[in-house]
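Each chain gets a letter, A, B and so on, in the order its sequence line appears, and its residues count up from 1.
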Amino acid sequence: MADRVIETRVQTAPFDAGAECAALVRDGIVGAVVSFTGHVRGSAGDVLELQHYPGMTEGQIAAIADEAARRWDLTGGLVIHRHGPLPVGAPIVLVAVASRHRGDAFRAAEFLIDWLKVKAPFWKKEGDRWVEAQAADDAAAAGWQ
Amino acid sequence: MADRVIETRVQTAPFDAGAECAALVRDGIVGAVVSFTGHVRGSAGDVLELQHYPGMTEGQIAAIADEAARRWDLTGGLVIHRHGPLPVGAPIVLVAVASRHRGDAFRAAEFLIDWLKVKAPFWKKEGDRWVEAQAADDAAAAGWQ
Amino acid sequence: MQLRLLYFAWVREALGRGEEVRDFPSGVTTIADVLSALSQYDERYAGAFAAPERLRFALDQVYAGPETPIRDGGELGIFPPVTGG
Amino acid sequence: MQLRLLYFAWVREALGRGEEVRDFPSGVTTIADVLSALSQYDERYAGAFAAPERLRFALDQVYAGPETPIRDGGELGIFPPVTGG
């Protein structure tokens, strides 16, 4: 993935969003970094289990990342999506995008998370209940077509 | 400012964007954190000097932050704007917003930086040249009216 | 016609397995045909696949509708709508 | 009519000062009047204020147009369009 504008990772480990964003700033050409982190909501003690489709996950996220790099003028970026058990408050996903001008980074970051929501093959289980997909997510992704 | 939804700071010191964003996630109600950092562009060795209007700066940023908190459903946020001399690559400004649902955080973060650009009384000097204001920034801010 | 089948989320739990390799007769040519064939083998499949509009499919890790033709040696993922991010 | 005047960016450099307190005669009632009065005192003011469309103003730290009335004891900031963020 070294030659991709936007790097992608699927992992169980936590990530350091600040360090990852700082690493996107180099060469004096980056004027803006926009990041999104998604977090586990719920009550203290709840645990979210994130299952995914190994192989397909990486392929889908890379395809979405490449599409973002095609659509906007970006200098770099990173998508990290975690799986496995995650406590309330834990970061699930990081989308970070760097660009010369801030509009590109804002557009690309929101596009990436909107599409990840409907394309990346992850399934959330809260306690013993599988989370239902939301029509709002389909609508958000459709807005980018 | 403790009772503000979005905290504001004006300082010369650097900031730790990752730690600031992580501090916005609490209580299991925060689903999304969106952050924007603006960085000094230029060639290696260049220094940007940021002058500001003490007092008015704090007032303007607080007014913009309060307006964002009125417009969107936010659980917290933070704006940090630096002044003084800054080397190429250095972070100038941090806008971080936390919300239940990601749309609010994306909208509020972009609103905050678009309005800071045209309302916060800062002036950038690159070498011995004062940076000219850009019509694109006025247009971006006007889009939120 | 041999397929590697992968199941996720509540589909996996309903079937009691995450993965299997199965052979299908020559009349089975689409994803929808696979669902019908599996539903005839076993009550658990019949239950999990009773409402196919609640299912999504990926053929060789690419999203595919129920009328998509399968290929021998292919990989078919069967799962509910995704909820990541 | 006394005003505290604050200058920023190239205005500060052109005037060689960042801040001063000045008294104005009673005919000076708006920001535009202040600019005219200062421009008559000194060539540097005349130069810095020659193109008022390049300037922005804040009265008591709130943005204000050139026709805004001033108040005794007020604070008037004079500066180019802002370039922060």
**Q.** Toward chain D, the part of B:H83 with a non-hydrogen atom under 4.5 Å
**A.** neither
(Q) Checking an interface table here. Which of residues 12-41 of chain B come within a heavy-atom distance under 4.5 Å of chain D? (A) none
Q. For chain D, which residues of residues 115-135 of chain B have at least one non-hydrogen atom nearer than 4.5 Å to it?
A. B:K117, B:V118, B:K119, B:A120, B:P121, B:F122, B:W123, B:K124, B:K125, B:W130, B:V131, B:E132, B:A133
(Q) Just so I know, are the side chains of D:Q61 and B:Q60 near enough to count as touching, which here means a heavy-atom distance under 4.5 Å? (A) no
Q. If every non-hydrogen atom of B:M56 is compared with every non-hydrogen atom of D:F79, which pair is closest and at what distance?
A. CE-CZ, 4.4 Å
(Q) Would you compute the distance between atom CG of B:D137 and atom OG1 of D:T83 and round it to the nearest 0.5 angstrom? (A) 9.5 Å
**Q.** Structural part of B:P91 lying under 4.5 Å from a heavy atom of chain D
**A.** neither
Q: Would you mind checking which part of D:R56 comes under 4.5 Å of any heavy atom in chain B, side chain (CB onward), backbone (N, CA, C, O), both or neither?
A: neither
